[in-house]
Amino acid sequence: MEYISTRGKVGSIGFIDAFMMGLANDGGLLIPKQIPQIPIETLQTWSKLGYTELVYEIFTYFTNDEIPQEDLKQLIADSYSTFRHPEVTPITKLSDELYLLELFHGPTFAFKDVALQFMGQLYSYVAKKKGVRINILGATSGDTGASAIEGVRGKDGIKICILHPHGKVSKVQELQMTTVQDDNVLNLSVDGNFDDCQRIIKELFANLDFKSANDLAAINSINFIRIMAQIVYYFYAYFQVAGNIGADKVNFSVPTGNFGDIFAGYMAKRMGLPIGKLILATNENNILERFIKEGVYMPGDFRMTYSPSMDIQVASNFERYLYYVLGEDPELIAKLMEQFKVEGEISISSEALAAVQSEFAAHGVLGAECLSTISRVKTETNYLLDPHSACGVAAAQQCAEKGEITISLATAHPAKFNEAIELCGIEQQYPEPIQALFNKEQRQTRIAGDKQAIASAIEAFYRG
Ligand SMILES: *Cc1c(COP(=O)(O)O)cnc(C)c1O
């Protein structure tokens, strides 16, 4: 598989190069040159595989023999042996029509571990093989940071700097990131919101001199390898719920911020998995809901919500989807993204909107509905949802027709977001690794939301 940019000025690079480039050098996003098409007989074989076997089969479509078979198998085994559940991403049944895909059994209790445990291994592998230094730079609304740090802490040849919005992540998220004592980790606590953090790092990545002088590497979902790793659990979940291929289509409901996770679902569908609707769940930061309902992509005012990992207005991965839905025309995408920078909005034609609506449904879940969903599901089934997963469930119930089966993604463990759980009057017991965080010392640097100040702090750390 070769990779190209949505904006057309980076073409046909290999898997490792795409992994290391992160954001495409023309400011666009990297995508596979062709989406692999999985024959039905292959799907049938895959339906009997265990999780890591399936990971291997799917990854080989994307890695293009650049990693020897045995090495890839070892990387996958090492990545998923850190999960607490033997199935890695198990399914739980809530009702005959609604299943939960539990994605939070990794080391930091959120779905980001599924991709970032693998990316941590892969960075380490590449650093050793090529003898290069790798300096990871990322922005987080809370979960990516913790997960990426966990993936590379203490690893030789790798440093990691994570920007998070000061005071706008949950207590447990903050502790997970800032209580790591390894010298290869720097946490910058930025005055501003997640969009500010993401904009600053995208600008630093787009500055190619800065990027190469500092050996920058990306762990955000601008990196296609994140998407690749997340495609797997759509297949796995489908097989667990629907059994063999040939059964009816299944919907997926996905709590969304950066359009990353749901884009992985879109890829799975394009690869041939019989997905019905992709239901996009947002919170009050509902730019993507408005796009799917009205065809206008326009960031609104940033709001703080009970689901902080989805408090995002400018969704990076949206550009990848736009590329596909508007007919794979890189010049058009380059023009639209330039226009977006100036005018702050993108509108699509009514035909394009019809295409969007044939694949996606959307529901913005307001705070009260999020909390009432947590309470109701707890009362009815004794299952405790985290606020992000609750948005997924609420959207599934809003958007799925009677008789349809929906798999809703449970993206985090409730212990990460006790702020919301407490408001429901529910007391929860923390898992031991989370409880232990409260006694650890924190390390972080508070910094103004200013690109120059942040660039200096990053350079000093990477060169130190
Ligand atoms: C990151 C995150 C999301 C949103 O995922 P995207 O890939 O940004 O759409 C949802 N829920 C949780 C718990 C997250 O950490």
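Atoms within a ligand are numbered from 1 in the order they appear, just like the ligands themselves.
Contacts of Tyr56 classified as ring pair (Phe, Tyr, Trp, His ring centres under 6.0 Å), with partners at least two apart in sequence or in another chain: none.
By the 3.5 Å distance cut-off applied to N or O atoms, His388 is not counted among the residues near ligand 1. Residue-to-ligand polar distances place Lys112 within reach of ligand 1: an N/O pair is separated by less than 3.5 Å. Any N or O atom pair closer than 3.5 Å counts here, and Gln230 shares no such pair with ligand 1. Backbone and side-chain nitrogen or oxygen atoms of Asp386 are examined, and none is located within less than 3.5 angstrom of a nitrogen or oxygen of ligand 1. Of the N or O atoms in Thr256, none lie within a sub-3.5 Å distance of an N or O in ligand 1.
Using 4.0 Å as the threshold, Phe263 has no heavy atom nearer than that to any atom of ligand 1. In this structure, Ser221 does not count as a contact residue of ligand 1, since none of its heavy atoms falls inside 4.0 Å of the ligand.
Seen from the ring of Phe461, Lys159 counts as a face-on cation partner, given the 6.0 Å and 45° thresholds. A cation-pi arrangement is absent between Arg226 and Phe118, since the terminal nitrogen or guanidinium carbon is not both under 6.0 Å from the aromatic centre and inside a 45° cone about the axis.
Every atom of ligand 1 with a heavy atom of Met310 under 4.0 Å away is listed here by number and element: 10 (C). Taking a cut-off of under 4.0 Å to the non-hydrogen atoms of Ala412, the atoms of ligand 1 that pass are 13 (C). Using a 4.0 Å cut-off to heavy atoms of Gly260, the atoms of ligand 1 that qualify are 6 (P), 7 (O), 9 (O).
For Lys416, no heavy-atom contact with ligand 1 is shorter than 4.0 Å. By the criterion of a heavy-atom distance under 4.0 Å, the backbone of Phe259, and not its side chain, is placed next to ligand 1.
Atom CZ of Arg303 has 12 or fewer neighbouring heavy atoms from other residues, nucleotides or ligands inside a 6.0 Å radius.
Ring planes of Phe19 and Phe15: parallel class, angle under 30° (limits at 30 and 60°). Ring planes of Tyr51 and Tyr80: perpendicular class, angle over 60° (limits at 30 and 60°). Note on ring orientation: taking the six-membered ring where Trp is involved, the planes of Phe263 and Tyr324 are parallel (angle under 30°, cut-offs 30° and 60°). Between Tyr61 and Trp46, the ring-plane angle classifies as perpendicular under the 30° and 60° cut-offs.
The protein heavy atom nearest to atom 10 (C) of ligand 1 is Pro255 O, 3.6 Å. Here the protein heavy atom with the shortest distance to atom 12 (C) of ligand 1 is Thr411 OG1, 3.4 Å. Protein heavy atom nearest atom 15 (O) of ligand 1, with residue, atom name and distance: Asp143 OD2, 2.4 Å. The nearest protein atom to atom 8 (O) of ligand 1, hydrogens excluded, is given as Asn258 N, 2.8 Å; this is a heavy-atom distance. Nearest to atom 7 (O) of ligand 1 among the protein's heavy atoms is Asp261 N, 3.0 Å.
Side-chain contact check for Phe62 versus Ile225: every heavy-atom pair is 4.5 Å or farther apart.
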List, one per line, each side-chain donor-acceptor pair under 3.5 Å for residues 427-439, sequence neighbours excluded.
unit_1 : atom_1 : unit_2 : atom_2 : d
Gln428 : OE1    : Ala415 : N      : 3.3
Gln428 : NE2    : Pro414 : O      : 3.1
Gln428 : NE2    : Asn418 : OD1    : 2.8

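Of the candidates Gly257, Gly142, Gly145, Gly257 brings a heavy atom nearest to atom 4 (C) of ligand 1.
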Audit row: Gln173, Ser309, side chain to side chain contact (heavy atoms under 4.5 Å, CB included) steps and yes/no: CA-CA 10 Å; Gln173 287 178 319; Ser309 302; 3.0 Å; yes
